[in-house]
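Remarks on the structure that follows.
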Number of protein chains: 2
Amino acid sequence: MTSIYDIAKQAGVSAATVSRVINNERYVSLKTQEKVQRVLQDTGFIPNANASSLTKKRTNTFAVVVPDLTNPFFTEIIHGIEGQAAARKIAVIVSNTDENIDKERKALRFLTERRVDALIIASAARSGDHIISCLGEDTPIVLLDRQPQGLKADLVRSDDHRGAEILVDYLVGLGHRKIGFIAGKRGISTTKLRLDGYRLALEKYGLECQAELIAQGDFKKEGGREGMLALLALPNPPTSVIASNNLEAIGALSAIREMGLRVPEDLSLVCFDDIELASLVYPFLTVVAQPVRTMGAVAAQLALERLDGKAEQPREVVMQMTLLERRSAGRV
Amino acid sequence: MTSIYDIAKQAGVSAATVSRVINNERYVSLKTQEKVQRVLQDTGFIPNANASSLTKKRTNTFAVVVPDLTNPFFTEIIHGIEGQAAARKIAVIVSNTDENIDKERKALRFLTERRVDALIIASAARSGDHIISCLGEDTPIVLLDRQPQGLKADLVRSDDHRGAEILVDYLVGLGHRKIGFIAGKRGISTTKLRLDGYRLALEKYGLECQAELIAQGDFKKEGGREGMLALLALPNPPTSVIASNNLEAIGALSAIREMGLRVPEDLSLVCFDDIELASLVYPFLTVVAQPVRTMGAVAAQLALERLDGKAEQPREVVMQMTLLERRSAGRV
DNA sequence: TTGTATGCGTTATCAA
DNA sequence: TTGATAACGCATACAA
């Protein structure tokens, strides 16, 4: 491989000077600057960023760890992150954990080996101990959507509590008084917030919060399906159901169809998180949506500021949820 | 930062030995192996992969360059790549070009600085010259979905030609004889193959291929919308339309709605590439789908084999398209 | 089986 | 303003 030494030789200067020109530092005379630039052009030399990061102690790399690369919620966030990062010449390494803590741990270890400058993560884990123990205290961490226990770090999320309230408000407005809920994955902060929001909203309307109306989900299709199956098996099933995310809703939908029922005629179904393309193809599922792209951009922003030392305390950015009314819920 | 030298000191051995233990090479006595391992454990030391790659001349990094991170077609492919890569301890850097050649060029330059081991790319460009001129001849390249001109490299794609034929067969089977076509982005190989397939299939049925029935698209929503608008403005519009990808179909759909028409009652619409989640929410759009996840995995595989020197000539892997019949096309 | 010395491609420090 | 020289953290050829 050709290095700055080769360039230096050709330009009749030292390697240090070449380095200075490449990073356009001051203290290089215009003359030598041009001389070196010419050689750089002629040879088409491209410096080795890895070698550079060895001395600079910056890799200009962000790691993004998500639990489900299948979910547009996360891919859109990645999109947002990538946009900001590319503009700053920062590489984005993507890792998928499949909601699996073991995979997450492996990914973290791996990313630490690469000495990523920052970690942006929607963790699959209940607690954040393993994150710290893998990354150490120094690497900036931005939590995405989920806040593991015992982890003080920047956080970008949406107002899950309020989101649940919005959905309940909406269903109650349609006359529903028996509202089921398919919870998210156990031990995830988002799961708890959405569930709490649901409970409180019911209370607001003087509706009893029956334990049997709450099914366990896992933020995936299959969990949504099973949760819905459980609700439908009830002697007195709900007239409407809230799924804790988009994939659960899809699973729930398939369960409903399996039972020969229709949405919204026989049962209303709403959920957290949009599937934008689906709604463009056919505006069906009523949801509360998060500003995903923006969340990604904000997360990247927070990471950058941490790197620049422009922050002291952990910050929490809470975005608004928006109700997108479509056709999956009906009046009862 | 702590290095293998620190470990060496603590373990009472040389750095070389520590390196050997970490990479578990042979020629290390069990005794010292254990001794070093213990220190490694106790300190929780994690080696610096960047430093390592400097000497090894392998970064264990793949670059994935796609034109549209918004399209599940590409994110699913990324998913497939990531799976293979993670299993081999290879990092995946994702770059989005927005179908913009300039962004692509910048991304390539950037990725070359990182000395990625391989490039997996769905290029936004007509020709592949800039790819070679950025990357050089040595870095393995795997072309995804699209084959820029003048670029000899491995290629993973689906049978676009046959895909078009499948769609035409299907529509003709429904009685359509006036089939419109919204082309893909100009200058992309996929665009041409799909269009050619369409033409040949029409011919097969003795149907005239009218130029006015072919509208220009760009693989994005807006292009699909405009293409469809143009077709609908025809004095004698088609009874069915094929869009060159999923996003174009969505745009086309919105155009159709704007004109107060319905699918499939007033017009049939089918396209290339699925939107899986949409079909799960509501099985609407009839498509020919590609095995996306697999394509990603195969692409990663090809890259790996190139790295291992297990290949000579460029290889071309062509996958089958599958018709997924739903409700967006009707009998005429 | 282990250690020494050197190199990987940059940048930073210090003199000149 | 420029150039030696020594890091950066690790791997490898060679010697022991």
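All values derive from a computational prediction rather than experimental measurement. Lettering of chains follows the sequences in order, A, B, ..., and the numbering in each one begins at 1.
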Quick one: does B/R115 reach the base of C/dG9 with a side-chain donor-acceptor pair under 3.5 Å? no
**Q.** A/R157/A/D145 under salt bridge (charged side-chain N to carboxylate O under 4.0 Å, His left out): CA gap, chis, key distance, verdict
**A.** CA-CA 4 Å; A/R157 65 177 185 97; A/D145 179 59; over 6 Å; no
From CG of B/N24 across to C1' of C/dT1 the rounded distance in Å is 16 Å
Separation of C/dG3 atom C1' from B/Y27 atom OH, nearest Å, is 17 Å
| task | Look at A/K106 together with A/D102 and state whether they make a salt bridge at an N to O cut-off of under 4.0 Å. | result | yes
Against the side chain of B/T17, the closest entry in C/dG3, C/dA12, D/dT1 is C/dG3
Can you tell me if A/T55 touches the phosphate of C/dA12, counting only side-chain N or O atoms and a distance under 4.0 Å to OP1 or OP2? no
Residues in residues 43-52 of chain B with a heavy atom under 4.0 Å of DNA chain D, by number, are B/F45, B/P47, B/N48, B/A51, B/S52
Once you apply a heavy-atom cut-off of 4.0 Å, does B/V18 come out as touching a base, just sugar-phosphate, or nothing? nothing
Between B/Q33 and A/I4, whichever has its closest DNA chain C nucleotide further toward 5' is B/Q33
Query - Heavy atoms from other residues, nucleotides or ligands near CZ of B/R315 exceed 12 (cutoff 6.0 Å) - result: yes
- Query: Should we count CZ of A/R186 as having more than 12 external heavy atoms under 6.0 Å?
  - Reply: no
Whole-Å distance, A/I7 CD1 to C/dT10 P, equals 9 Å
**Study point:** Lys/Arg-Asp/Glu bridge criterion (N-O < 4.0 Å) met for A/E34, A/R38
**Key:** no
A/T32 has its side chain closest, among D/dC8, C/dG3, D/dT2, to D/dT2
Rounded to whole Å, the CG-C1' distance (B/L54 to C/dT6) equals 13 Å
A/T139 and A/T112: CA distance, side-chain angles, deciding distance, side chain to side chain contact (heavy atoms under 4.5 Å, CB included) verdict:
CA-CA 9 Å; A/T139 312; A/T112 305; over 6 Å; no
Q: Please state whether the phosphate of C/dG3, meaning OP1 or OP2, lies under 4.0 angstrom from any side-chain nitrogen or oxygen of B/S14.
A: yes
A/R20 CZ to D/dT1 C1', in whole Å, measures 8 Å
B/K9 NZ to C/dT2 P, in whole Å, measures 20 Å
Are B/K185 and B/E99 within salt-bridge range, i.e. N to O under 4.0 Å? yes
From CG of B/N23 across to C1' of C/dT2 the rounded distance in Å is 16 Å
Phosphate contact (C/dT11 OP1 or OP2) by A/S19 side-chain N/O below 4.0 Å = yes
- Query: Are A/D68 and A/K220 ion-paired here, with the side-chain N under 4.0 Å from a carboxylate O?
  - Reply: no
*Has A/K57 got a side-chain N or O lying under 4.0 Å from the OP1 or OP2 atom of D/dG9?*
yes
Checklist entry - For D/dC10, does OP1 or OP2 lie under 4.0 Å from any side-chain N or O of B/S53? => result no
In whole angstroms, the gap separating C1' of D/dC10 from OH of B/Y5 amounts to 8 Å
